[in-house]
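Note that the structure is predicted; figures quoted are calculated from it, not measured. We count residues from 1, following the sequence as given. All heavy atoms count here, side chains included; hydrogens, waters and symmetry mates do not.
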Amino acid sequence: MTRTSRRSGRPGGSGGSSTPGAPDPSSASSACSASTASTPSGTSSPSGASSPSGTSSTSSTPAPDAPDAPDGPDGPDALEPPERARTRSRWHAAAALLVLVGAVLLAHDHWPVIEAGADRLAAADRGWLLVGATAAVSTWVSSALAQQGAVAQPLPGGRLVAVQFAASAANHVLPAGIGAGAVNLRFLTRCGLPVARSATALAVKTVAGAVVRGVLIAVLALACPGVLRVPHVPAVAVAIVLAVGAAIAALLSGPLRRATRAVLADVRAVHRQPARAAALWGGSLAFALLHASVVVAVTQSLELPLSPALVALAYLAASGAAALLPTPGGIGSLDAALALALTLAGSPAATAASAVLGYRLLTVWLPLLPGLFVLGLLVRRKTL
């Protein structure tokens, strides 16, 4: 009897459970959590309830669902006052509206291009266009796979793919990948990663994508000799570029060293987990190949007289050159570079323009409105 009374009088009950109502740091949830933390099973009975041995429990700790209970581990929003939560919701709505307005203006400016592309593609082979659309949809899955590979902790797969879809829509409004970077950074921080670690994860993914793209260009250039020609650049221009680069590196030597060390540390951490490394490099490779496959499928639908390897090489080279010009989603710079690359490869100019328009329709204009809807939904559900 004495042992029973002593066991029942413990605040946490059997099993070493924590006191109900006290926040447990190890069970803090985030936007990525599948569900909220459950109440421990071994909680003591409320005040006044008698134990099986007849000893009254004197615990006065409030129940987790009591109105006056302290803030529990329900995520960062539960610790905010209502005024701050409303302010944050307004900012989220304003950001989503800004993205929508920018997308509408962008579509309005390029509407003649969209209409002309639709007319040219109306007589194209529908089967090849369906292959291109399937490859375009698959790019979001491969991007999600690469992003998971750049992070050591597991991320929710469904929401990660939805975030990549929304990021692709945001990326067509802001230049140089800022839109996609901001969406992914917000998602990773909502999943509990620190801002610095989230930024390095994005940098790891970007570096892996650039390395994969360079390797693919080299391999395809060997398979298609004589296609890529290095343009003649004056020595003075090269010297100026090198001098400016050296000056910038000297001014930012400290931050660059710290950022490089952080990225290398994350790269080492990822490669200590073979599954993560395979996801990073496999997703990056699939992302580049799938985008090239979209262009190949469109050119096949238009019966462009070029081999698939040559078209893929033209796309990869053009996308690499367009990355040097920070336009929203590469629109404008990639269009001109890809049309020029296809023309130099031997395609008629009109057919090359139609291929670029078809690529843009499948990867930008058709998924734009659904992507903005998903973006707004993720913001409303506080996934972003």
Report yes or no: does N171 contribute a side-chain atom to a donor-acceptor pair with the main-chain N or O of A167 at less than 3.5 Å?
no
Contact between V163 and R186 at the side-chain level, heavy atoms closer than 4.5 Å - yes or no?
no
Please report the interatomic distance OG1(T383) to CZ(R159), rounded to the nearest 0.5 Å.
5.5 Å
For R197, which residues count as a salt bridge (charged side-chain N to carboxylate O under 4.0 Å, His left out) partner, sequence neighbours excluded?
D266
Contact check, side chains of Q153 and L193, non-hydrogen atoms, under 4.5 Å
yes
Residues L129 and S301: closest non-hydrogen pair is CD2-OG, 3.6 Å
Distance-minimising heavy-atom pair for L302 and A124
CD2-CB, 3.9 Å
After noting the C-alpha distance and the side-chain angles of L334 and Y359, does the key distance pass the side chain to side chain contact (heavy atoms under 4.5 Å, CB included) rule?
CA-CA 11 Å; L334 178 58; Y359 169 75; 4.0 Å; yes
For residues I217 and V211: do they belong to one hydrophobic cluster (side chain heavy atoms under 4.5 Å, members Ile, Leu, Val, Met, Phe, Trp, Tyr)?
yes
If you look only at distance, which donor and acceptor atoms sit under 3.5 Å apart when one is on a side chain in residues 273-289 and the other is two or more places apart or in another chain?
from: R276; atom 1: NE; to: V151; atom 2: O; distance (Å): 3.0
from: R276; atom 1: NE; to: A152; atom 2: O; distance (Å): 3.2
from: R276; atom 1: NH2; to: A152; atom 2: O; distance (Å): 3.3
from: W281; atom 1: NE1; to: H271; atom 2: NE2; distance (Å): 2.9
from: S284; atom 1: OG; to: L280; atom 2: O; distance (Å): 2.8

Kindly work out whether a path of hydrophobic side-chain contacts (I/L/V/M/F/W/Y, heavy atoms less than 4.5 Å apart) joins L130 to L304.
no
First locate atom CG of D335, then atom CZ of R360, and finally report the distance between them rounded to the nearest 0.5 Å.
4.5 Å
Indicate yes or no: at least one non-hydrogen side-chain atom of L342 is less than 4.5 angstrom from one of L310.
no
Classify the angle between the aromatic ring planes of Y315 and H291 as parallel (below 30°), tilted (30 to 60°) or perpendicular (above 60°).
parallel
Any side-chain heavy-atom pair from T299 and W128 closer than 4.5 angstrom?
no
side-chain hydrogen bond (donor to acceptor under 3.5 Å, both in side chains) evaluation trace for R213 with S319
CA-CA 9 Å; R213 189 179 299 271; S319 60; 2.6 Å; yes
The reported gap from CH2 in W140 to CG in L290 (rounded to nearest 0.5 angstrom) is 11.5 Å
Is the shortest side-chain heavy-atom distance between F187 and S198 below 4.5 Å?
no
Heavy-atom closest contact (T363 atom, A136 atom, distance)
CG2-CB, 4.2 Å
Given 3.5 Å as the limit, does a donor-acceptor pair link the side chain of S143 with the main chain of T139, or not?
no
Hydrophobic cluster membership, L316 vs V207, 4.5 Å side-chain cutoff:
yes
Minimum heavy-atom distance between G132 and V294, given as atom pair plus value
O-CG2, 3.5 Å
Within the structure provided, determine whether Q164 and S142 are in side-chain contact (heavy-atom separation under 4.5 Å).
no
Heavy-atom pair of closest approach, residues S347 and A352
OG-N, 3.6 Å
Give a yes or no on whether the backbone of A339 and the side-chain of T343 come within a donor-acceptor separation of less than 3.5 Å.
yes
With side chain to side chain contact (heavy atoms under 4.5 Å, CB included) as the test, would you mind laying out the steps for R190 and L384 before giving the verdict?
CA-CA 7 Å; R190 294 290 287 179; L384 298 177; 5.7 Å; no
Taking all non-hydrogen atoms of both residues into account, name the closest pair between G149 and V270 and its distance.
O-CG1, 3.1 Å
Rounded to the nearest 0.5 angstrom, the CG-CG distance for L372 and L377 is 12.5 Å
Distance in Å, L306 CG paired with T351 OG1, rounded so as to fall on 0.5 Å steps
9.5 Å
Rounded to the nearest 0.5 Å, how far apart are CZ of F373 and CZ of F165?
10.5 Å
Are the side chains of Q148 and L160 in touch, meaning some heavy atoms are under 4.5 Å apart?
yes
Is it possible for you to say whether V161 and L145 belong to one hydrophobic cluster, with membership spreading through side-chain heavy-atom contacts below 4.5 Å?
no
Would you indicate whether the side-chain heavy atoms of Q147 and L188 approach each other to under 4.5 Å?
yes
Please answer: with hydrophobic residues joined when any side-chain heavy atoms are less than 4.5 Å apart, are V137 and L375 in the same cluster?
yes
